[in-house]
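Worksheet: one structure, shown below.
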Amino acid sequence: MKDIAGKTFKIVIAGSGPAGLTAALYAARADLEPIVFEGPEPGGQLTTTTDVENFPGYPEGVLGPKMMDDFRQQAQRFGADTRWGVVTNIDFSKRPYKVEIDEETEIYAEAVIASTGAEAKWLGIESEQRMRGKGVTACATCDGAFFRDQEVIVIGGGDSAMEEATFLTKFASKVTIVHRRDEFRASKIMQKRALDNPKIDVIWNSTLHEVLGDEAVDGVVLENTKTGEKTTLENVKGVFLAIGHKPNTELFEGVLDMDDEGYIITKGKSTYTNVPGVFACGDAQDKIYRQAVTAAGTGCMAAIDAERWLAEQEDSEEVPAESAK
């Protein structure tokens, strides 16, 4: 990073998922010479998935890591500088903003695009992590179609779990909701919608103890939270975690406006935040859709918003003081 220490960039992009790399593509094509710091998981959540079949332009589907590499190469083609590295601190007290990379290198940014994404909450058991992308997932919309006429389970008890379970009934032959308590915390209407569905069963007072299988899920072991008794479900081929998501926005806490869950609040239908010259896109500010295609769309918006904002700053600086009165 020594080659960039102390330099000022028009746009610094924190994060390299579909939102960050799309923002980089648009900013580069506008000759803004953006620099992207890819974060702790270059390519974002899609690098932990296998087949992606719902992104336009890939009629045969594509592996998640391959798609993100395509995004990266396209942004680089137009001059985006993409680098391994984590934005560890930003001084928002004055422009240009001082940006710290990997706790050691300091650069400056006329504008910042926050595309740090979010991550699904996981239970943390070894087999769950080992089988991620092999039948264990946290996105029914992304992966539900892979489980046509198969049995799946959904872990959780909130609105997200009810919504995921109901959605999965379009594909799966049977959906079992596994909840650690004896009642759901989901809203009554969401509970009713799920429980009235003939394809959905519920196993109460239970947690996921182990995911069975090697290259694909081949059953699960559940543990009763009251008795400790373990039960094996041999026909389960898919495990969907629906216990919430956490936005990666700690970097901006106390500076950018956020909701109670930590998602960055943007103004109206734009990507503007409450801090001038700072824009947010992707899952860092979207807790509703959380899709690669919508993240890419907001990345485009952030780059265009940043480009226009930078142009306004240049115009205002060029206006003589007398005529600006």
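Sequence positions, counted from 1, serve as the residue numbers for this chain.
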Is the side chain of [X] donor-acceptor paired with the backbone N or O of [Y] at a distance under 3.5 Å, no angle test?
X      : Y      : result
Thr166 : Glu163 : no
Glu100 : Glu106 : no
Asp102 : Glu104 : no
Ser16  : Glu38  : yes
Thr116 : Asn248 : yes
Thr22  : Cys300 : no
Thr273 : Val278 : yes
Ser127 : Glu210 : no
Glu164 : Ala140 : yes
Thr298 : Ala295 : yes

**Study point:** Contact list for residues 167-189, test salt bridge (charged side-chain N to carboxylate O under 4.0 Å, His left out), sequence neighbours left out
**Key:** Lys174-Asp201
**Study point:** Qualifying salt bridge (charged side-chain N to carboxylate O under 4.0 Å, His left out) pairs, either residue in residues 256-277, two or more places apart
**Key:** Asp259-Lys287, Glu261-Lys287
**Study point:** Reference residue Lys237; test salt bridge (Lys or Arg N to Asp or Glu O under 4.0 Å); the match among Asp149, Asp218, Asp143
**Key:** Asp218
Practice item. Taking side-chain contact (heavy atoms from CB on, under 4.5 Å) as the test, write out the residues that go with Asn235, two or more places apart. Key: Glu151
Study note, to complete from the structure: Hits for side-chain contact (heavy atoms from CB on, under 4.5 Å) against Arg29, two or more places apart or cross-chain, chain-then-number order -> Leu25, Phe78
If you define the side chain from C-beta out and look only at heavy atoms, does anything of [X] sit under 4.5 Å from [Y]?
X      : Y      : answer
Glu53  : Phe146 : yes
Pro18  : Met68  : yes
Ile265 : Gln285 : no
Thr88  : Ile101 : no
Pro42  : Arg72  : yes
Val36  : Asp81  : no
Tyr97  : Val275 : yes
Val87  : Val99  : yes

**Study point:** Cys139 vs Arg290, side-chain contact (heavy atoms from CB on, under 4.5 Å): CA-CA, chis, key distance, verdict
**Key:** CA-CA 9 Å; Cys139 182; Arg290 295 199 300 263; over 6 Å; no
Heavy atoms of other groups near [X] [atom1], more than 12 under 6.0 Å:
X      : atom1 : answer
Tyr26  : OH    : no
Glu229 : CD    : no
Glu33  : CD    : no
Arg130 : CZ    : yes

[X] with [Y], same ILVMFWY side-chain cluster at under 4.5 Å:
X      : Y      : result
Ile90  : Ile264 : yes
Met190 : Leu168 : yes
Ile189 : Val202 : yes
Phe171 : Ile177 : no
Val62  : Val293 : yes

Is a side-chain donor-acceptor pair under 3.5 Å present for [Y] with [X]?
X      : Y      : value
Glu223 : Ser206 : no
Ser270 : Asp305 : no
Gln74  : Arg77  : no

Practice item. Please assess Arg83 against Asp3 for the test salt bridge (charged side-chain N to carboxylate O under 4.0 Å, His left out), listing each intermediate value before the final yes or no. Key: CA-CA 12 Å; Arg83 299 185 177 223; Asp3 62 314; 2.7 Å; yes
Review point. Between Met67 and Phe55, does a side-chain contact (heavy atoms from CB on, under 4.5 Å) hold up when you go through it step by step?
Key: CA-CA 9 Å; Met67 188 173 86; Phe55 198 93; 3.8 Å; yes
Check your understanding: Quick one: are the ring centres of Phe240 and Phe167 less than 6.0 Å apart?
Key -> no
**Study point:** Pair Phe279 and Tyr272, ring centroids less than 6.0 Å apart
**Key:** yes
If you look at every heavy atom in [X] and [Y], which pair is closest and at what distance?
X      : Y      : answer
Pro34  : Ala24  : CG-O, 3.6 Å
Ile113 : Ala306 : CD1-CB, 4.4 Å
Gly282 : Ala19  : CA-CB, 3.6 Å
Ala303 : Ala23  : CB-O, 3.4 Å
Asn54  : Cys142 : ND2-CA, 4.0 Å
Thr249 : Gly262 : OG1-O, 2.6 Å

Separation of [Y] [atom2] from [X] [atom1] (nearest 0.5 Å):
X      : Y      : atom1 : atom2 : value
Thr232 : Leu212 : OG1   : CG    : 6.0 Å
Lys98  : Thr8   : NZ    : OG1   : 12.0 Å
Glu110 : Arg95  : CD    : CZ    : 5.0 Å
Thr225 : Asn205 : OG1   : CG    : 4.5 Å

Review point. In terms of the angle between their ring planes, are Phe252 and Phe92 parallel, tilted or perpendicular, with boundaries placed at 30° and 60°?
Key: tilted
Check your understanding: Parallel, tilted or perpendicular for Phe184 and Trp204, by the 30°/60° rule?
Key -> tilted
Review point. Glu250: what forms a side-chain hydrogen bond (donor to acceptor under 3.5 Å, both in side chains) with it, not counting sequence neighbours?
Key: Lys246
**Study point:** Residues Asp69 and Lys66 bridged, charged N to O under 4.0 Å
**Key:** no
Exercise for review: Would you mind listing the cluster partners of Leu123? Hydrophobic ones only (ILVMFWY), side-chain contacts under 4.5 Å, chaining allowed.
Suggested key: Trp122, Ile125, Met131, Val136, Ile153, Ile155, Val178, Ile203, Leu208, Val211, Val217, Val220, Leu222, Leu233, Val236, Val239, Leu241, Ile243
**Study point:** Verdict with reasoning, Tyr58 to Asp70, per side-chain hydrogen bond (donor to acceptor under 3.5 Å, both in side chains)
**Key:** CA-CA 11 Å; Tyr58 292 97; Asp70 289 346; 2.9 Å; yes
